[in-house]
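Residue numbers begin at 1 in each chain, while the letters A, B, ... track the order of the sequences. Computed from a predicted model, the values in this text were never measured in an experiment.
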Amino acid sequence: MTAMNMVQALNSAMDVMLARDPAVIVLGEDVGYFGGVFRVTEGLQRKYGAHRVIDTPIAEGGIVGAAIGMGVNGLRPVAEIQFADYIYPAYDQIVSELARLRYRSAAEFTAPLTIRTPCGGGIRGGQTHSQSPEGVFAHVSGLKVVMPSNPYDAKGLLIAAIEDDDPVIFFEPKRIYNGPFDGDPEKPAESWAGHPMGEVPEGYYSVPIGQAAIARPGEAVTVITYGTMVHVCIAAAADLGLDAEVVDVRSMVPLDLDTLAASVEKTGRCLVVHEATRFGGYGAELIASIQERCFWCLEAPIRRVAGWDTPYPHAFEWEYFPGRARVRRALQALMQEAP
Amino acid sequence: MTAMNMVQALNSAMDVMLARDPAVIVLGEDVGYFGGVFRVTEGLQRKYGAHRVIDTPIAEGGIVGAAIGMGVNGLRPVAEIQFADYIYPAYDQIVSELARLRYRSAAEFTAPLTIRTPCGGGIRGGQTHSQSPEGVFAHVSGLKVVMPSNPYDAKGLLIAAIEDDDPVIFFEPKRIYNGPFDGDPEKPAESWAGHPMGEVPEGYYSVPIGQAAIARPGEAVTVITYGTMVHVCIAAAADLGLDAEVVDVRSMVPLDLDTLAASVEKTGRCLVVHEATRFGGYGAELIASIQERCFWCLEAPIRRVAGWDTPYPHAFEWEYFPGRARVRRALQALMQEAP
Amino acid sequence: MKSRLHVPSVPARPGEEPDFSYVRLSPAGAVPRPPVDVAVRDTVHLAEGLVRVLDGSHQAVGPWDPRLAPDVLRTGLREMLLTRIFDDRMQRTQRQGRISFYVRSWGEEAVSVAAAHALRPGDMLFPSYRNQGLHISRGIPLVDLMCQLLSNTRDMCKGRQLPVMYQSVPKRLFTISGNLATQYPQAVGWAMAAAIKGEDDIAAAWIGEGSTAAADFHHALLFAKVYRAPVVLNVVNNQWAISTFQGYAGGEQRSFAASGPGVGIAGLRVDGNDFLAVHAATTWAAERARAGHGATLIEHVTYRAGAHSTSDDPSRYRPKDEFPAWPLGDPVERLKQHLIGLGEWSDPRHAALSEELEATVADAWKQAMTYGTLTDGPRLDPALMFEDVFKEMPPHLEAQRAELAAERAAGAAGGPT
Amino acid sequence: MKSRLHVPSVPARPGEEPDFSYVRLSPAGAVPRPPVDVAVRDTVHLAEGLVRVLDGSHQAVGPWDPRLAPDVLRTGLREMLLTRIFDDRMQRTQRQGRISFYVRSWGEEAVSVAAAHALRPGDMLFPSYRNQGLHISRGIPLVDLMCQLLSNTRDMCKGRQLPVMYQSVPKRLFTISGNLATQYPQAVGWAMAAAIKGEDDIAAAWIGEGSTAAADFHHALLFAKVYRAPVVLNVVNNQWAISTFQGYAGGEQRSFAASGPGVGIAGLRVDGNDFLAVHAATTWAAERARAGHGATLIEHVTYRAGAHSTSDDPSRYRPKDEFPAWPLGDPVERLKQHLIGLGEWSDPRHAALSEELEATVADAWKQAMTYGTLTDGPRLDPALMFEDVFKEMPPHLEAQRAELAAERAAGAAGGPT
Ligand SMILES: Cc1ncc(C[n+]2csc(CCOP(=O)(O)OP(=O)(O)O)c2C)c(N)n1
Ligand SMILES: Cc1ncc(C[n+]2csc(CCOP(=O)(O)OP(=O)(O)O)c2C)c(N)n1
Ligand SMILES: [Mg+2]
Ligand SMILES: [Mg+2]
């Protein structure tokens, strides 16, 4: 076990898999010689060569299109999209091809791709470096969608994604690359060292896709969230001294509804929290599924805290970001709610 | 008033607007000389010239990209995407540019585009001619999203969309282009003639975007739906002799939550129905919003009937399609539901 | 206010005389054949010229003559003819309502069949929906193709795809997509993988000239250029994309092959109705790719003799009977006459062959029908609908499968589900 | 198992000697200047050559010499220098933490400033983030640019955009996008609209060579070709895209301008550090467009002298101090020497100008700061965040705006919201 931040953990996952499986390759913009704009692929090209860690043209659609072909020809490509905000040029290849290849071909052709992409705000990145587009992938049948909230899960889930024979969209909440973030931008940056989930085995292990995690057990209310917001929600509950159960979705598709429902059935109250814009977001599915399943246990409507329904506004980042105070207010309101 | 089917009504809307406003132009694949693969633009090029009704290359991203530039330069383009299944190559231009142009430029640059596209299944079109991707647009801040369920609304909403200074994604449920469809593929095709909403004024009128319609008033249960499914739901309720209120969403963004909530507050029960795949679909937002607003009035969980979470399977169309029997079963279950 | 927007001209519309004067031709044998390691910029004129082997009297001339043995030519003729007969039969079948949709390759048979012969069995093919000749040449049984068209119990796609979207893993024919051009960068990626693994197989892909407008065309050419991928990229310029003339895809006073040198890969413009020219060009491009000199963009100049698909009626947008006026003729007829000129074929043998192939197709059809049609059983189990979305079925799909099963069990009594 | 995947070579990495031998040069004056209605295919050699006017001794030679009046040259020099000084100052400001992000155009000033002078005020410009010279030449007040960088109360984008994403409706400078290349087809569409309306204004767009890989580049060229759109399409080949060498964008043994003729529009490859050459090429392309002969793709060969942005450290991927070895020199220095050679300028005048411009920039900065910074007030009202998503605010956004207001009212007491 070593202390790793999320960047190191992700790097280690690719390192382990490049070493274990000659079919694994890495490709993307600036990922090779330079090691990626967030340094996630640092050192990999030096170690595995320019034919396995490949710098690409700035063509996200081309990257995914070519990677699908590589996958069909027996490789296991790990493609990086430099920012999730730039994944849309690849949307057609992902939705029309990658997601449906196995299905349309009756499982005769498949492409086991992992598409890694940093997402989320809180880094002063403005509207084109802050988006959380998981919702527009989670709706597409045939894609697995994952977002870790800590280094241990990041490495374990990335290894699982690379080994998975289905395509996985792997979102990396970049705000917590270097340390957990409790929602207070004024506080000095924390590091992963010392955090229990910052202890990461150096070798191979995996965290199964399709399982949620209880990030903080509790009895009073269920908070369902993922990525950066896991930490913000834990902090908000602590602020209130509230015995909240914070559930880290981790795997958006397939969704571990059993774990979520069990928690809500226990607490009777539920708050859904994500950075992505609220309207039509992934949180809506969480709410829809849970109210369908747990309706008779609910003591109050399920509430949402999410990004406002606007593009990500550079100058108003901390009024936009669903921070600790907003989660606190929502939790307080939810706890008081009664007919 | 004339009897028009939906194709004629849409054609008439463009005809009216091309005549009224020299800034209006129409562009898309096969829309010009040929009049569109569904004949929706028939005759318009002959009438308004090849510089206003423009055949384009097969590049959906290019069509939208160029249309945005035209919009910035004072035109009001109406772009056709031949099938909604082929809109994804334009997703980046729509999401990253069209939806955010007004916002990022502090309203100094805008592009009043209407993007028309036939959607939905039931025509033996297989996975690439049957999709309902409204959910991945409704989640994007800055887009209006509309789907009519009859010729009258189709023309009125299309005129409103063309006049709207915001971008509108205009989905056309092609299964009901020529007549309403009650979900029974074995029945002889019906025509719009005789249907009250098949009576369409020949001249200018508009149906405001942002308002739902009560397609069938009732007291027992609220069915919220749109497009083709409006007719299927009405038929299913009739089958059961159930006094359902069928609400036609019409405008997915902005959503007329007041009308929806008023109905659910009245009936206490709610079924959400759409053709699109269920997981993470637009129906999830409907459910999330309504349970947030109407929780204390609900006598049962809100249920969904939707497309299965698979790509659209050619050979199993009628097992896939959320038909009348499926809606009936869901309504029956919902009416019986009690703690 | 007068528009100065240029809109590409269309040579002839319904009621007008066919006019193919826009097609830039060069005589058979006129274009030189450089070595396969020629510099890209020295292919600019090849991309503008027209590689042709068969001359006006159906003789093979010039440096591109592939000098194929008569047996090979006869096999090619047989497969082109079989493709055509198969196409005709399936078209009629659709008209009779037995299948929901069909796309013919009438007039474009050489593009597929000659290429299939010029490539190796290990080479991976990424066809469009108008390349049935590839499937036929690679020996996919007609019954298998028909079962796909019928979405029946032996449908290779398990009912998931529209008719014509064939595939074969053993014969290395990639699953066809209903989305245009998407397979193009995939072919390049496949070829890159072959290079990464140090394998000798190359990839080849086909799209229509209309589809070259798609972003994926650009991505494919670029990636092929940057990584010198071993791939043959074919553009089938059959002049039309549904109702849209090739000028709207950028073909006005320009060849599609020119995009090759424009991006930095070799370009060849080829008489697509000349079996020998297509064979020779493909062979050249495949050798170039296999030797590590990178990709070639081949434009096959041909003509879509029929409708776009069974949903289309071309008399709405182009003159009837353009095909007889098409300056590059009919690929089947031209190869037949060439063989006759060589003394290797005859009209009676041709007639006998046609008859034999008609019978073959008819027999196959009878057999295919026994495995079911969309309307008459036996049918595939609808529960198959939920499989292969993922390798293992996640809980929400299991639940949906159960729901459908319950619905169907109950529905036995009631109306349609 | 040995990889045969070709990967483009990079001439020099950190610790190695700069090596620009890959840059294909031609002497000033060597490339002919055809009439603006030249056929596209006759621009193939222009797309491969290098249009240059200033020779080794800074004299203007050859057919492309635009013969500009000394006043115009002095204005150009002034604006290039102002751009550079502005850039330097903003870069330092970012280092001091006053602005969050900055992008310099160091070494590429001629590409923007010369083009701005060759176009008319009514022409619509679609810049990338590295074209501040366009804004400066079009006379956007420095204070306005700085207020945008500061996201302060006078930010033209109302705080919605990252620094550098300027815009101006009156000066016809399109809002810059953080998404690469998206503005390229928009510029073409803008130009198509001008043609549809019968107006004489043309459009011009800029992107980096790295961004030519994007689908939108292809769409733009294609639409420009098909409709003969009056647009000038500029590719700024500054050799690098963040850490990625231009070979990875397809620049290996190939010019980016070649994509023009490849698709069917004119192509020009130009010395981007030669003010006169950029001016002449832009003038030629603008005349061609305005006369209805369609678009031109101009590749400006230049060098990104600085880091990609303030988030980047180029010493990780290329040799330090490559710029002095760059064969096309420094655009400011070259124009300065040219003017001195003409007897129209001098070192002392240049020094005085520098000083004046430094003062101008410093004054503007002081003024801009009075309108607030991201950290110090005054600030824009956060409620602005909810405006302009739509023209009229729909109910769900009104509700969210109210929620934020309540939160902020309550939060006055508590911690961060
Ligand atoms: C992305 C996409 N856009 C539009 C279509 C609809 N469509 C199907 S075939 C076709 C024409 C294709 O023409 P071309 O590429 O020339 O091929 P051809 O049919 O002539 O063989 C169109 C527009 C599609 N299938 N995919
Ligand atoms: C679609 C998209 N992909 C990736 C990025 C991230 N990115 C920003 S600038 C840049 C490099 C652009 O290089 P180039 O086009 O050569 O322009 P230059 O910076 O050299 O002026 C990249 C990859 C982006 N902004 N948009
Ligand atoms: Mg075609
Ligand atoms: Mg660059």
Side-chain angles (χ1 to χ4, degrees), chain C residues 1-8 39-41 44-45 47-48 185 191-200 212-219 221-230 247-265 267 290-294 297, chain D residues 1-8 39-41 44-45 47-48 185 191-200 212-219 221-230 247-265 267 290-294 297:
Chain C
M1 197 163 81
K2 202 191 148 309
S3 164
R4 298 171 307 170
L5 185 79
H6 172 77
V7 283
V40 167
R41 74 171 58 86
V44 169
H45 63 284
E48 291 292 344
M192 287 173 67
I196 289 169
K197 297 191 287 178
E199 292 168 359
D200 269 345
T212 62
D216 283 323
F217 176 73
H218 166 71
H219 294 146
L221 266 60
L222 178 64
F223 278 64
K225 149 70 180 166
V226 170
Y227 304 104
R228 221 173 276 168
Y248 284 86
E252 218 175 20
Q253 278 146 38
R254 167 191 166 257
S255 82
F256 290 90
S259 289
V263 127
I265 65 176
R290 229 179 295 274
H293 305 299
L297 183 69
Chain D
M1 197 162 83
K2 204 188 149 306
S3 163
R4 297 170 309 168
L5 185 79
H6 172 76
V7 284
V40 167
R41 72 171 60 88
V44 169
H45 63 286
E48 290 292 343
M192 287 172 67
I196 290 170
K197 296 191 287 179
E199 291 168 359
D200 270 345
T212 61
D216 283 322
F217 176 73
H218 166 70
H219 294 146
L221 266 60
L222 178 66
F223 278 64
K225 150 70 181 167
V226 170
Y227 303 105
R228 223 173 275 168
Y248 283 87
E252 217 175 21
Q253 278 147 38
R254 167 191 166 256
S255 83
F256 289 90
S259 288
V263 122
I265 65 175
R290 229 179 294 275
H293 305 300
L297 183 69

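Proximity to chain D (any heavy atom under 4.5 Å) is restricted, for Ala249(C), to the backbone atoms N, CA, C and O. Contacts of Phe217(D) with chain C are made by side-chain atoms alone, with heavy-atom separations under 4.5 Å and no backbone atom involved. Looking at Ala39(D), there are no atoms closer than 4.5 Å to chain C (heavy atoms on both sides), in backbone or side chain. Neither the backbone nor the side chain of Phe256(C) comes within contact range of chain D, judged by heavy atoms closer than 4.5 Å.
Remark: the backbone N or O of Glu199(D) is paired with a side-chain donor or acceptor of Arg4(C) at under 3.5 angstrom. His6(C) contributes no side-chain N or O that, together with a main-chain N or O of Ala229(D), makes up a donor-acceptor pair within less than 3.5 Å.
Note on Val263(D), Leu222(D), Asp216(D): by heavy-atom pairs under 4.5 Å with chain C, the leading option is Val263(D). Ranked by non-hydrogen atom pairs under 4.5 Å with chain C, the options Gly250(D), Gly294(D), Gly260(D), Gly247(D) are led by Gly250(D). Contact count against chain D (heavy-atom pairs under 4.5 Å) is highest for Asp200(C) among Val7(C), Asp200(C), Val44(C). Residue with the most contacts toward chain C among Ala194(D), Gly264(D), Ala213(D): Ala213(D) (heavy-atom pairs, distance under 4.5 Å).
To the nearest 0.5 Å, atoms NE2 (His218(D)) and OG (Ser259(C)) are separated by 7.5 Å.
With sequence neighbours excluded, the residues forming a side-chain contact (heavy atoms from CB on, under 4.5 Å) with Ala215(D) are Ala215(C), His219(C), His219(D), listed by chain and number. Residues passing the salt bridge (Lys or Arg N to Asp or Glu O under 4.0 Å) test with Glu252(D): none are found, sequence neighbours excluded.
Ring orientation note: the planes of Tyr248(D) and Tyr227(C) are nearly perpendicular, at an angle over 60° on the 30°/60° scale.
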